[in-house]
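Scroll down for the structure; my scribbles are underneath it.
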Number of protein chains: 2
Amino acid sequence: MSLDQIRYFVAVAEERNITRAAERLRISQPPLTRQIRALEEELGSVLFERTRRGVELLPAGQVFLDHARQILGEVDRALTVFSRPPPDQGDKTS
Amino acid sequence: MSLDQIRYFVAVAEERNITRAAERLRISQPPLTRQIRALEEELGSVLFERTRRGVELLPAGQVFLDHARQILGEVDRALTVFSRPPPDQGDKTS
DNA sequence: CCTGTCCAATACCGGTTCGGTATGTATGAT
DNA sequence: ATCATACATACCGAACCGGTATTGGACAGG
């Protein structure tokens, strides 16, 4: 499990769509799909249900989302102390 | 910054010696040295002072150590929920 | 002094990982 | 039936990571 995988997961959970999350993360869709699957495999739990419209967060996914945000929050806190502005992840200006 | 780098940093901080920390982490010394330097570079702060005996934690290093433990604690909590026993990092039985 | 020891640092190499492009598969709308 | 949408798979090249070998510097013993 890597910090990038956690960031990817949060983006997918928020967008409920891997393709859109990939755009937001500025990577392409196939690597994102792969990283999400790798994360699910490592955790031993399916986190999303794949639907025609995109993906839906399963209960296990919701549980992990809470932890993921905690982890990323701690990371941001650490980086802030060393005066690294957190990366511009908040692109709502489509 | 990767989770492994954070784990490596904590090990070095605890051992105050890169070579010993490398043994504990079951990697060799050169990659450890490199990862620590890469972390320092990314944070823009020297975390350790290199001495004849090994390394000493500088004030910036102590600050980061606190954050590092917070981050790893959150990660362990997340993994525990998904019933992954935290890795055996506590080898005090020398 | 010179030699051995104990560190971290550097050079170099091979395997793994990661992201990219292209394409496939499935489903739903018109 | 065709097209649009969204995830999955195949394949490839670049970047990353760890390993071995070696270097460089700081002591300690003789």
Side-chain angles (χ1 to χ4, degrees), chain A residues 1-58 60-61 64-65 68 72 75 87-89 91 94, chain B residues 1-58 60-61 64-65 68 72 75 87-89 91 94:
Chain A
M1 186 172 69
S2 69
L3 289 176
D4 273 340
Q5 281 179 334
I6 298 173
R7 294 189 186 103
Y8 291 178
F9 166 80
V10 171
V12 172
E14 289 178 356
E15 296 287 343
R16 293 185 305 280
N17 179 306
I18 293 182
T19 302
R20 273 201 306 273
E23 290 169 8
R24 186 173 118 188
L25 294 166
R26 305 199 176 277
I27 65 175
S28 52
Q29 169 259 319
L32 222 204
T33 292
R34 267 183 276 129
Q35 293 293 338
I36 295 297
R37 292 192 93 85
L39 180 62
E40 290 178 326
E41 191 132 336
E42 183 174 351
L43 294 177
S45 300
V46 180
L47 303 173
F48 295 106
E49 185 189 339
R50 279 71 172 171
T51 71
R52 315 102 218 131
R53 299 215 160 185
V55 296
E56 274 179 36
L57 201 59
L58 293 174
F64 187 70
L65 181 56
L72 296 183
V75 170
D88 182 12
Q89 192 111 319
D91 184 11
S94 55
Chain B
M1 187 172 70
S2 70
L3 289 176
D4 274 340
Q5 281 179 334
I6 298 173
R7 294 188 186 104
Y8 291 178
F9 166 79
V10 171
V12 171
E14 288 177 358
E15 296 287 342
R16 291 185 306 280
N17 179 307
I18 293 182
T19 302
R20 274 200 307 271
E23 288 169 10
R24 186 173 118 188
L25 293 166
R26 305 197 177 277
I27 65 175
S28 52
Q29 170 258 318
L32 222 203
T33 291
R34 266 183 274 128
Q35 293 294 337
I36 295 298
R37 292 193 93 84
L39 180 61
E40 290 179 324
E41 190 131 337
E42 183 175 351
L43 294 177
S45 300
V46 180
L47 304 173
F48 295 105
E49 184 190 338
R50 278 73 172 170
T51 72
R52 316 101 218 135
R53 299 215 159 188
V55 297
E56 274 179 36
L57 200 59
L58 293 174
F64 187 70
L65 181 57
L72 296 182
V75 170
D88 183 15
Q89 192 113 321
D91 183 12
S94 55

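Every chain is numbered from 1 and lettered A, B, ... according to where its sequence line falls, protein lines coming before strand lines. Source: prediction; values computed, not measured.
Scanning both residues, A/F9 and A/A68, for their nearest heavy atoms gives CD2-CB, 4.2 Å.
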Worksheet item: Reading nucleotides 19-30 of chain D 5' to 3', which nucleotides get B (base under 4.0 Å from a protein heavy atom), which S (sugar-phosphate only), which -?
Response: BBB----SS---
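Put simply, CG on B/D4 and CD1 on B/I27 are 8.5 Å apart, with the number rounded to the nearest 0.5 Å. Here OG of A/S2 is found 12.0 Å from CE of B/M1. Values are rounded to the nearest 0.5 Å. With values rounded to the nearest 0.5 angstrom, A/Y8 atom OH is found 13.0 Å from A/I18 atom CD1.
Atom CD of A/E15 and atom P of D/dA6 are 11 Å apart (whole Å). Taking atom CG on A/L32 and atom C1' on D/dC7, their separation rounds to 11 Å, with Å as the unit. Going from atom CG of A/L39 over to atom C1' of D/dC7 covers 17 Å, rounded to whole Å.
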Which atom pairs, donor and acceptor, lie under 3.5 Å between side-chain atoms of residues 31-39 of chain B and protein residues at least two apart or in another chain?
| from | atom 1 | to | atom 2 | distance (Å) |
| --- | --- | --- | --- | --- |
| B/T33 | OG1 | B/Q29 | O | 3.4 |
| B/T33 | OG1 | B/Q29 | NE2 | 3.0 |
| B/Q35 | OE1 | B/Q5 | NE2 | 2.9 |

Residues 47-54 of chain B side chain polar contacts: donor-acceptor under 3.5 Å, at least two apart:
| from | atom 1 | to | atom 2 | distance (Å) |
| --- | --- | --- | --- | --- |
| B/R50 | NH1 | B/E40 | OE1 | 3.3 |
| B/R50 | NH1 | B/E40 | OE2 | 3.0 |
| B/R50 | NH1 | B/F48 | O | 3.0 |
| B/R50 | NH2 | B/E40 | OE1 | 3.1 |
| B/T51 | OG1 | B/R53 | N | 3.3 |
| B/T51 | OG1 | B/G54 | N | 3.2 |
| B/T51 | OG1 | B/G54 | O | 3.3 |

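Within the structure, no pair that satisfies the ring-ring contact (aromatic ring centres under 6.0 Å, His included) test touches residues 14-36 of chain A, not counting sequence neighbours.
Chain B approaches DNA chain C within less than 4.0 angstrom (heavy atoms of the protein), and the contacting nucleotides run 5' to 3' from C/dC7 to C/dT10.
The residue among B/Q5 and A/R50 whose nearest nucleotide of DNA chain D lies closer to the 5′ end is A/R50. Across the interface with DNA chain C, nearest-nucleotide mapping of B/R37 and A/R53 shows B/R37 to be the residue nearer the 5′ end.
In this model, the phosphate group of D/dT5 is not approached by any side-chain N or O of A/N17 to a distance below 4.0 Å at OP1 or OP2.
Under the salt bridge (charged side-chain N to carboxylate O under 4.0 Å, His left out) criterion, A/R20 pairs with A/E15, not counting sequence neighbours.
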